[in-house]
Amino acid sequence: MAKQIQAIRGMKDILPQQTPVWQFLEDRVRSVLNRYGYAEIRMPIVEMTDLFKRSIGEVTDIVEKEMYTFEDRNGDSLTLRPEGTAGCVRAGLEHGLIFNQTQRLWYQGPMFRHERPQKGRYRQFHQIGVESFGMSGPDIDLELILITARIWRELGLQDLQLQINTLGTSAERAAYRDQLVDYFKQHLELLDEDSNRRLESNPLRILDSKNPAMTELIAQAPTLMQHLGDDSLAHYQAICQGLDDAGVTYVENPRLVRGLDYYSRTVFEWITDALGAQGTVCAGGRYDGLVKQLGGRETPAVGFAMGLERLIALLEETDVMERLAVPDVYLVTLGQAPEREGVKLAEQLRDRLPTLRLISHCGGGGFKSQLKKADKSQARFALILGEDELQKQQIILKPLRGGEQSQIGISELESTLAELLAR
Ligand code: ATP
Ligand code: MG
C-alpha cells in the first residue's frame, strides 16, 4: 500500500462528530452580532506580507516568528493571515467602508501562526472577529464588551472572567515606557532572552510575557495608570461604569497589554482556568492609530477576536453536546413496495415538519443490519415499514433509547412525530 499523507502538524480536521458544536457556536455568535447590527465581511486568507508587518508591528511574536510567509509565482511576498484586523482595515479602506462613516463589521475564518502546537494552540485555528470604526467614545467599547458577555450567556458558558485595562494614548505610553525600561534594567538578570531583546524595541510587550519565571518581576513592575491624562482616565472609567450598570463583573488588570502594537486605550480579555495555560478565549481593544498607519485617515476603531477552538473546548465540557444534532428518526424499509412508499413518506414528513431530522436508510440490507445502523445513528426513534405494515397502512414506531414499540396508522404519523418532537 502507498504511504498515506498526513495533515500538517498543528492543522486539524474538524470531524463530523465535532461539527455540530462548531455550528452551534457559530450560529449563536452570528445571531447575537446580527441583533446588534453588525454586518459580515469576508476577506481573502492571504494578504501582502507588508500589510501585517505594518499593522501588527515588526517586533511582535507574530511577525518575528509566527507568520506563514511565502513568495508567489510573481515574486510577491505573501502571508497567510495570522489575524483578521489588518485585512479588515485593508478591505475597509480599499472599498471606502471606513471613510467618514461609522461601520460595525465582523468576520470569521481560519488564521495561521507557526507556533508550537499544544492544547488550545494550533497552527491553523479559527477566530470570529468584530471591528467597529468611526466611533471614539467609550460607549462603543462598552457595546463590544457587552456583546461578548451576551455571547457567553447565550452559549451557556459560565466561569469566564473579564479583565480590562487601558493603555492610554501613545504619548502617555511614551513617558511610562521610560520608567518601565529603567525598572527592567535594574533586574536585567531576571529577563529572559525575548524580553532582553524587547527592552529597547518594545518594553511594554515584556508585560505580556507568558514565561512563568518572569511572573514575579512583571507583577512588581510600575503601572501605566499614573501616566494617564484626564481624557484617557475618563474613557476608561466610563467603561467600568457601564459594566457596573449592566451587572457585568470584571477585574481591572494593570498588567494586561496586548501582543499587537496597534492598541490604544481600552484592552480586555476573557479568561478561563479550565484550559490550562491557553486560558484566553477572547481578546480585544481599541486601536485608534491603525487605520492611519495603513494609509487611511485618522479613524477611531475598536474590536475583538475570539478563539473558536478554545471556546469549543469549553463547550465540550458542558451538556450542549447531548442536545445537538442527533437525528430524530431513522426510517427502515423492508421490501420493494415499502421502500418506494418510504421515500414518499419521508419527503412528506420533511415538507410538513421542517425541523424534523430524519435519516432514510439507503443501501439495502436486512432488518437486523438496518436496525443496527439506526441504532448507530443515535436517532431517538426508528420507523419500520414492511410489507405487512404497508398493507394495513400502518408503521412501527420503535424508541431506540428505551421504551415499548408501537404500531400506528400512517395517517397519524405526522401528528405523532410532531408531538414527540415537541418534548
Ligand atoms: P495567546 O496569548 O494565547 O498567544 P494572542 O494574544 O496571540 O493569544 P490574539 O492575537 O489576541 O491572541 O488572538 C485572539 C484569540 O485567538 C486568543 O485569545 C485565542 O483565543 C485565539 N488564538 C490565538 N492564537 C491561537 C492559536 N495559535 N491557536 C488557537 N487559538 C489561538
Ligand atoms: Mg500568541
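Since we're looking at a predicted model, the values are computed, not measured.
With respect to the salt-bridge test (charged N to carboxylate O, under 4.0 angstrom), the residues Arg123 and Glu115 do not qualify. Ion pairing of Arg198 with Asp192 is absent here, as no side-chain N (NZ or NE/NH1/NH2) approaches a carboxylate O to less than 4.0 Å. Under a 4.0 Å N-O distance rule, the pair Asp194/Arg205 does not qualify as a salt bridge. A salt bridge links Arg352 and Glu414; the closest N-O separation between the charged side-chain nitrogens and carboxylate oxygens is under 4.0 Å. Checked for salt-bridge contact, Glu172 and Arg177 miss the test: no charged N lies under 4.0 Å from a carboxylate O. Under the 4.0 Å criterion applied to side-chain N and carboxylate O atoms, Glu26 and Arg28 are not assigned as salt-bridge partners. Between Lys372 and Asp375, no side-chain nitrogen of the basic residue sits less than 4.0 Å from a carboxylate oxygen of the acidic one, so the salt-bridge criterion is not met. Salt bridge status for Asp288 with Arg265: absent, with no side-chain N to carboxylate O gap under 4.0 Å.
Distance alone, capped at 3.5 Å, places no donor-acceptor pair between the Gln103 side chain and the Gln101 backbone. Between the side chain of Arg310 and the main chain of Thr280, a donor-acceptor pair closer than 3.5 Å is present. For the pair Arg255 (side chain) and Ala221 (backbone), a donor-acceptor distance under 3.5 Å is present. For Thr69 (side chain) and Thr79 (main-chain N/O), no donor-acceptor pair under 3.5 Å exists by modelled atom type. A donor-acceptor contact shorter than 3.5 Å links the side chain of Ser377 to the backbone of Ala374. Judged by distance alone, the side chain of Asn74 and the main-chain N or O of Asp76 form no donor-acceptor pair under 3.5 Å. In this structure, the side chain of Ser31 does not engage the main chain of Val29 through any donor-acceptor pair within 3.5 Å. Put simply, the side chain of Arg113 gets close to the backbone of Pro82: a donor and an acceptor are under 3.5 Å apart. A distance-only check finds no donor-acceptor pair linking the side chain of Glu347 to the backbone of Lys344 [under 3.5 Å]. Judged by distance alone, the side chain of His361 and the main-chain N or O of Gly364 form a donor-acceptor pair under 3.5 Å.
For Tyr36, there are no ring pair (Phe, Tyr, Trp, His ring centres under 6.0 Å) partners at least two apart in sequence or on another chain. With sequence neighbours excluded, the residues forming a salt bridge (Lys or Arg N to Asp or Glu O under 4.0 Å) with Glu298 are Lys292, listed by chain and number.
At least one side-chain heavy atom of Ile98 sits under 4.5 Å from a side-chain heavy atom of Val291. Contact of the Trp22 side chain with the Leu308 side chain is registered, since non-hydrogen atoms from C-beta on lie closer than 4.5 Å. Contact check for Pro338 versus Leu390: side-chain heavy atoms found under the 4.5 Å cut-off. Side-chain contact between Ser360 and Arg350 is present, with at least one heavy-atom pair separated by less than 4.5 Å. At a threshold of 4.5 Å between non-hydrogen side-chain atoms, the residues Thr416 and Leu397 count as touching. Put simply, the side chain of Met225 reaches to within 4.5 Å of the side chain of Thr166, judged on heavy atoms. By the 4.5 Å heavy-atom criterion applied to side chains, Tyr250 and Gln163 are not counted as neighbours. Using a 4.5 Å heavy-atom threshold, the side chains of Ser55 and Thr85 count as separate.
Side-chain contact, Ser77 with Glu71: no donor N or O sits under 3.5 Å from an acceptor N or O. Between the side chains of Glu131 and Tyr287, at least one donor-acceptor pair of N or O atoms lies under 3.5 Å. With hydrogens and angles left out, the side-chain atoms of Arg197 and Ser201 include no donor and acceptor closer than 3.5 Å. Of the N and O atoms on the side chains of Gln237 and Gln241, not one donor lies less than 3.5 Å from an acceptor on the other residue. Counting only N and O atoms by type, the side chains of Ser195 and Ser209 include no donor and acceptor under 3.5 Å apart. For His126 and Glu309, the side-chain atoms include at least one donor-acceptor pair closer than 3.5 Å. For the 3.5 Å distance criterion, the side chains of Glu341 and Thr333 fail to qualify, holding no donor opposite an acceptor. Between Thr148 and Trp270, the side chains place a donor N or O and an acceptor N or O closer than 3.5 Å (distance only, hydrogens not considered). For the residue pair Tyr236 / Asn165, no side-chain donor-acceptor distance below 3.5 Å is found, with atom types taken as modelled.
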Worked verdict on Glu83 versus Arg81 for salt bridge (charged side-chain N to carboxylate O under 4.0 Å, His left out): CA-CA 5 Å; Glu83 52 98 54; Arg81 62 181 184 193; over 6 Å; no
Stepwise side chain to side chain contact (heavy atoms under 4.5 Å, CB included) test for Ile164 and Asn253: CA-CA 6 Å; Ile164 60 170; Asn253 176 2; over 6 Å; no
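By the 30° and 60° cut-offs, the orientation of the rings of Tyr176 relative to His227 is tilted.
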Name the atoms and distances for all side-chain donor-acceptor pairs under 3.5 Å in residues 1-21, with sequence neighbours left out.
residue: Gln18; atom: OE1; partner: Leu15; partner atom: N; Å: 2.7
residue: Thr19; atom: OG1; partner: Pro16; partner atom: O; Å: 3.2

